[in-house]
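These numbers were taken from a predicted model, which means no experiment stands behind them. We count residues from 1, following the sequence as given.
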Amino acid sequence: GSFPSSPGKGSMTGSEIGKMKVLLLSYSHIERDSRVLKHVHFFKKSGYDVTVCGYEMPRNKRFNLTEKIKYIYNIFVCPEKSVEILYGNLTPQRAKYHIIICNDWNTLPLGFRIAEKTGAKLVYDSHEMATRQYGIRMPKWYFLIKPLACFIEKKYIRSAGLVSAVSPGIVDALRKKYGLDNVMLLRNIPLPVSEGERPGDQKLSNGDIAIYYHGWVFRHRGIKTLAEAVRRVKHVSLYLRLVGDDQWMRKKYGKDRNIIFLDPLPPKELGRSLPRFDIGTALLPPTSFNHIHALPNKFFEYTMAGIPIVC
């Protein structure tokens, strides 16, 4: 569907755009979700009134047996309830929204309900292919979450006036799978860091080649392979800025002299720190459709920082 133009790009004036309300829904830690923050930045820059509904802190919930049984039961009876059990309840402010952006498949039921009530246009930012996130190598996802993602996406995706994804391969796959002609490419390009905010060419001073990685600490992302390679060579140090539960990595590699664990940073501060390193890494073994077609944030962040990339 068509969407209201930005000021100066259509018939609407800046004051009219300013009356337009955008709601972004995301089951994520908003301060660390660079894609959501970019949506906020560009909509606000275009004059929209933006509301974000997500989590202020990471949600690390452990499920008891009763919740697990209810989750599995509702996959077959009321899948939307299973989404709430797994991800929690978002309660956005009541308002007359004009555009609702669903950040990932799990926000589609809530976004659809609000759009029905308010008459808002629904946007689905799928990021990647929700139904092919991982393969059989992650059996919990494959048997317990994939069926839910398949049902929810199939039920609601055609209600969206616009669908977006991060790479051409995923855009093509969504178009073919659901017969859509409204899927657009929206790459994970970070906001630029101004020259005044950069630390210059000051490199780390221990004399080693400084290899860097930041991102989620999932075991299937090749981080362990990278660490094992680095610990076997001299004059190379690996700097890890991990998100999520990294205790298994710290326990295994925390005593290695040349493997250094750094504290996480908000997305807006990452770009300032990157020029200090010699090489950036973005290792995704081709174990799933999404890994094969991925084009992650860090690829563009390293590029904008001017450091070589090993992918």
Stepwise side-chain contact (heavy atoms from CB on, under 4.5 Å) check, V243 with H29: CA-CA 11 Å; V243 179; H29 181 192; over 6 Å; no
Contact summary for N258 and V236, nearest pair of heavy atoms: ND2-O, 3.0 Å
Heavy-atom pair of closest approach, residues G169 and H293: CA-ND1, 3.4 Å
Worked verdict on I223 versus L242 for side-chain contact (heavy atoms from CB on, under 4.5 Å): CA-CA 10 Å; I223 306 170; L242 303 176; 4.2 Å; yes
R241 side chain vs P264 backbone, donor-acceptor pair below 3.5 Å: no
Separation between CZ of F143 and CD1 of I72, rounded to the nearest 0.5 Å: 12.5 Å
Closest contact, heavy atoms only, L180 versus R158: CD2-CG, 4.0 Å
Separation between CG of N290 and CE of M129, rounded to the nearest 0.5 Å: 8.0 Å
Pairwise side-chain contact, K155 with I152, heavy-atom cut-off 4.5 Å (strictly under): no
Intermediate values then yes/no, salt bridge (charged side-chain N to carboxylate O under 4.0 Å, His left out), D125 and K38: CA-CA 12 Å; D125 186 14; K38 280 178 282 189; over 6 Å; no
Rounded distance (nearest 0.5 Å) linking atom CG of D246 with atom CG of L240: 9.0 Å
Single-linkage hydrophobic cluster, 4.5 Å side-chain cutoff, W141 and W216 together: yes
In one Ile/Leu/Val/Met/Phe/Trp/Tyr side-chain cluster, 4.5 Å: Y178, W105: yes
R187 (side chain) donor-acceptor with L295 (main chain) under 3.5 angstrom: no
Aromatic ring proximity, centroids under 6.0 angstrom, Y71 and F63: no
Neighbour count >12 (heavy atoms, 6.0 Å) for atom CD, E80: yes
I170 and F289, any side-chain heavy atoms less than 4.5 Å apart: yes
Where N188 and P296 come nearest, the two heavy atoms and their spacing: CB-C, 4.2 Å
For H214, the option from F261, Y302, F299 that meets ring pair (Phe, Tyr, Trp, His ring centres under 6.0 Å): Y302
N/O donor-acceptor pair under 3.5 Å between D245 side chain and Q247 backbone: yes
Expected output: side-chain S164 to main-chain L185 donor-acceptor under 3.5 Å: no
M20 and F43: CA distance, side-chain angles, deciding distance, side-chain contact (heavy atoms from CB on, under 4.5 Å) verdict: CA-CA 10 Å; M20 305 290 286; F43 272 103; over 6 Å; no
Contact check, side chains of K70 and E67, non-hydrogen atoms, under 4.5 Å: no
Q133 side, atom CD; H291 side, atom NE2 - distance, nearest 0.5 Å: 7.5 Å
Validation row: L238, Y253 side chains within 4.5 angstrom (heavy atoms): no
Ring geometry between Y87 and Y27 (parallel below 30°, tilted from 30 to 60°, perpendicular above 60°): tilted
Linked, directly or transitively: V230 and L284 (ILVMFWY side chains, under 4.5 Å): no
Heavy-atom side-chain contact between K252 and E228 under 4.5 Å: yes
Between H127 and N103: side-chain donor-acceptor atoms closer than 3.5 Å: yes
Over all atoms of both residues, closest heavy-atom pair of C53 and L23: CB-CD1, 4.3 Å
Distance, nearest 0.5 Å, that separates CZ of R113 from CG of L122: 12.0 Å
P92 side chain reached by T51 side chain, heavy atoms, under 4.5 Å: no
Y142, OH: over 12 other non-hydrogen atoms inside 6.0 angstrom: no
Shared hydrophobic cluster for F76 and I145 (ILVMFWY, side-chain gaps under 4.5 Å): yes
Connected via hydrophobic side-chain network under 4.5 Å: L283 and M249: yes
D104 side chain to N106 backbone, donor-acceptor under 3.5 Å: no
Nearest heavy-atom neighbours spanning V171 and M184: CG2-O, 3.7 Å
Neighbour count above 12 (heavy atom, 6.0 Å) for K154 NZ: no
Evaluation steps, side-chain contact (heavy atoms from CB on, under 4.5 Å), between M138 and K146: CA-CA 10 Å; M138 293 192 70; K146 179 180 177 178; over 6 Å; no
Enclosure of K224 NZ (heavy-atom neighbours >12, cutoff 6.0 Å): no
Spatial distance of atom OH (Y239) from atom CG (D278) [nearest 0.5 Å]: 9.0 Å
Any side-chain heavy-atom pair of H39 and L186 under 4.5 Å: yes
Under 3.5 Å: donor-acceptor pair, side chain of D33, backbone of R35: yes
H98 vs Y48 side-chain heavy atoms within contact, under 4.5 Å: no
